Amino acid sequence: MKFIIQRDQLMAGVQDVMKAISSRTAIPILTGMKIDAKSDGITLTGSDSDISIESYIPAEENGIVHVEQIEEGSIVLQARYFPDIVRKLPEKTVEIEADSNLKVTIRSGKAEFNLNGQDAEEYPQLPKLQTDNSFEIPTDLFKSLIKQTVFAVSTMETRPILTGVNVKLENETLIFTATDSHRLASREIPVKESNGNLPSIVVPGKSLTELNKILDDTEENVEISVTNNQILFRTKHLNFLSRLLDGNYPETSRLIPEQSKTILHVKTKELINTIDRASLLAKEERNNVVKLTTKGDNVLEITSNSPEVGRVAEEISVQSIEGEELKISFSSKYMLDALKAIENDEVKVEFTGAMRPFIIKPANNDPILQLILPVRTY
């Protein structure tokens, strides 16, 4: 195997696949990175058996040559050393060569590294996803879907199913839902040209977080396909494969209150800043509880009281308050996460009493919904 490649292209591909490589894995060869050279380009692969990432660097694209003098072959290199070597090479191009004894030479300018490779035949074959169940969505939309939901997954392994995001496609609508049983985030988007429906699946939150970091805003679409226990996200240069979580996701639709007793319209940024300040004195407690009280004339009071530290109170004018008066306490962290995820200048907060979950939506009725359970304070 031998090729000469642009260092920046190689580095970008290496950084992507590194996100799937773990130093703690049951299969020793998975601590390495697989390099496949074919006449049309180079494919890098990393996997920890939960997530597998393939990054493809075409030999030539739009008239620009990325890889040249390719002699086909494949090798597995130690992922602990390879990225740092590539990053620090002196020249813009890198020559990588592997001989029949699995010895690898990396040359750039006057620097030369010799590494011991491993046999690529021993690297586990990634499952090839052949599936009719696939659809495409714009990358930027997909990234915002992840961002607006994935923060609400559970970090507790006690209920593994809640550490994932529930994904389903029905009636040409793609729905993402995440909950840790104290809060819930959901978002839906229309999907054209999908082949039928996608049964409800649960994608590990960790996989989506990593995918979000890798996906390039310049890519136009992400193609998503699902088989029995794997999901594949594919763009022009990237295959991202993740296992799915086993089990049934709880039915979340019944958590969402049908009617509300108090509705606030408020500027998102003002509410974020006020709650942020109120939470400064609530650091000691686990959930940083703050209290919201409606006062007449479209004024809210946000307070936080921590007996050892002190008390903070701030009044904030809102666009409108409809319905009953209200006093409610909630986790400032959950509220801030929800407000930041919505990405809209104005939000509508709907309450159904002090002890019932309340929901936050963008004022423009975008189908994003954040639900939070209040905290009992007596």
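In what follows, residues are counted from 1 in the order of the sequence shown. None of these values were measured; they are calculated from a predicted model.
Atom CD of residue Q9 and atom OG of residue S55 lie 9.0 Å apart, to the nearest 0.5 angstrom. Atoms OG and CG, on S52 and L30 in that order, are 8.0 Å from each other to the nearest 0.5 Å. Within the model, atoms CG of L339 and CD of E270 stand 12.0 Å from one another, a figure rounded to the nearest 0.5 Å. Here the CG-CG distance, from L145 to N212, works out to 10.0 Å after rounding to the nearest 0.5 Å. Distance check, rounded to the nearest 0.5 Å: NZ of K327 to OG1 of T293 gives 5.5 Å. Between atom OG1 of residue T43 and atom CD1 of residue I35 there is a gap of 10.5 Å, rounded to the nearest 0.5 Å.
Between I372 and A338 the shortest heavy-atom distance is CD1-CB, 4.1 Å. Considering all non-hydrogen atoms of both residues, Q230 and L241 come closest at OE1-CG, 3.4 Å. A pairwise comparison of heavy atoms in V17 and G46 identifies CB-N, 3.9 Å as the closest pair. For V289 against S329, the heavy-atom pair with the smallest separation is CG1-CB, 3.8 Å. Considering all non-hydrogen atoms of both residues, S207 and S242 come closest at OG-OG, 2.8 Å. Nearest approach of R7 to R87, heavy atoms of both residues: NH1-O, 3.9 Å.
Hydrophobic clustering, with ILVMFWY side chains joined whenever heavy atoms are under 4.5 angstrom apart, keeps L126 apart from V14. L264 is connected to I272 through a chain of hydrophobic side-chain contacts under 4.5 Å among Ile, Leu, Val, Met, Phe, Trp and Tyr, so both are in one cluster. A chain of hydrophobic side-chain contacts below 4.5 Å, direct or via other Ile, Leu, Val, Met, Phe, Trp or Tyr residues, connects L211 to V226. V349 and V290 fall within a single hydrophobic cluster, where Ile, Leu, Val, Met, Phe, Trp and Tyr side chains are chained together by heavy-atom contacts under 4.5 Å. F3 and F113 end up in the same hydrophobic cluster when Ile, Leu, Val, Met, Phe, Trp and Tyr side chains are linked at under 4.5 Å.
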Derivation of the ring-ring contact (aromatic ring centres under 6.0 Å, His included) call for F358 and F330: CA-CA 10 Å; F358 60 94; F330 48 81; 5.4 Å; yes

Salt bridge (Lys or Arg N to Asp or Glu O under 4.0 Å) assessment of R183 paired with D180: CA-CA 6 Å; R183 57 170 164 181; D180 62 3; 3.4 Å; yes

Trace of the salt bridge (Lys or Arg N to Asp or Glu O under 4.0 Å) decision for K267 with E346: CA-CA 4 Å; K267 291 261 185 269; E346 207 175 298; 3.3 Å; yes

Test side-chain contact (heavy atoms from CB on, under 4.5 Å) applied to V104 and L77, step by step: CA-CA 8 Å; V104 181; L77 284 181; 3.5 Å; yes

Derivation and outcome, side-chain contact (heavy atoms from CB on, under 4.5 Å), residues I96 and L10: CA-CA 11 Å; I96 296 181; L10 179 60; 4.0 Å; yes

From CA spacing to verdict: salt bridge (Lys or Arg N to Asp or Glu O under 4.0 Å), D337, K333: CA-CA 6 Å; D337 285 347; K333 179 188 178 318; 2.8 Å; yes

Pair K295-E301, salt bridge (Lys or Arg N to Asp or Glu O under 4.0 Å): steps then yes or no: CA-CA 7 Å; K295 305 254 169 142; E301 186 183 44; 3.6 Å; yes

Pair I106-V94, side-chain contact (heavy atoms from CB on, under 4.5 Å): steps then yes or no: CA-CA 7 Å; I106 301 170; V94 186; 3.7 Å; yes

Verdict with supporting geometry, L44 and I57, side-chain contact (heavy atoms from CB on, under 4.5 Å): CA-CA 8 Å; L44 306 172; I57 303 163; 4.3 Å; yes

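A donor-acceptor pair shorter than 3.5 Å can be found between the side chains of N114 and T105. Of the N and O atoms on the side chains of T139 and D216, not one donor lies less than 3.5 Å from an acceptor on the other residue.
Formation of a donor-acceptor pair under 3.5 Å by the N298 side chain with backbone atoms of I321 is found in this model. The closest donor-acceptor contact from the side chain of N171 to the backbone of T173 lies at 3.5 Å or more, if one exists at all. A side-chain donor-acceptor contact under 3.5 Å links D48 to the backbone of I51. Side-chain atoms of T303 never come within 3.5 Å of backbone atoms of V312 as a donor-acceptor pair (strictly under, hydrogens ignored). Using modelled atom types, one side-chain atom of D99 and one backbone atom of L102 make a donor-acceptor pair closer than 3.5 Å. Under the 3.5 Å distance criterion, the side-chain polar atoms of S108 are matched with a main-chain donor or acceptor of E91. The closest donor-acceptor contact from the side chain of T294 to the backbone of L300 lies at 3.5 Å or more, if one exists at all. In this structure a side-chain-to-backbone donor-acceptor pair under 3.5 Å is missing from S260 to T262.
Under a 4.0 Å N-O distance rule, the pair K103/E97 does not qualify as a salt bridge. Salt-bridge formation is detected for the pair E314/R277: a Lys NZ or Arg NE/NH1/NH2 atom is positioned less than 4.0 Å from an Asp or Glu carboxylate oxygen. Ion pairing between E72 and K38 fails under the 4.0 Å rule for side-chain N and carboxylate O. Checked for salt-bridge contact, K147 and E343 meet the test: a charged N lies under 4.0 Å from a carboxylate O.
Sorted by first and then second residue, the ring-ring contact (aromatic ring centres under 6.0 Å, His included) pairs with a member in residues 229-252 read F142-F233; sequence neighbours excluded.
Within the 4.5 Å cutoff, side-chain heavy atoms of L245 are placed close to those of T163. Considering only heavy atoms from C-beta on, L371 comes within 4.5 Å of I256 through its side chain. Proximity of V318 to V299: side-chain heavy atoms (C-beta onward) are nowhere separated by under 4.5 Å. Residues I224 and I137 form a side-chain contact, since some pair of their non-hydrogen atoms from C-beta on lies under 4.5 Å apart. At least one side-chain heavy atom of E322 sits less than 4.5 Å from a side-chain heavy atom of S320. At a threshold of 4.5 Å between non-hydrogen side-chain atoms, the residues I302 and K291 do not count as touching.
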Please table the atom pairs, donor to acceptor, closer than 3.5 Å between any side-chain atom in residues 361-370 and protein atoms at least two apart or in another chain.
unit_1 : atom_1 : unit_2 : atom_2 : d
N364   : OD1    : N344   : ND2    : 3.3
N364   : OD1    : D366   : N      : 3.0
Q370   : NE2    : Q148   : O      : 3.2

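Taking the side-chain contact (heavy atoms from CB on, under 4.5 Å) definition, one finds that S253 meets it with E251, sequence neighbours left out.
The only member of I29, I75, D36 that meets side chain to side chain contact (heavy atoms under 4.5 Å, CB included) when paired with Y123 is I29.
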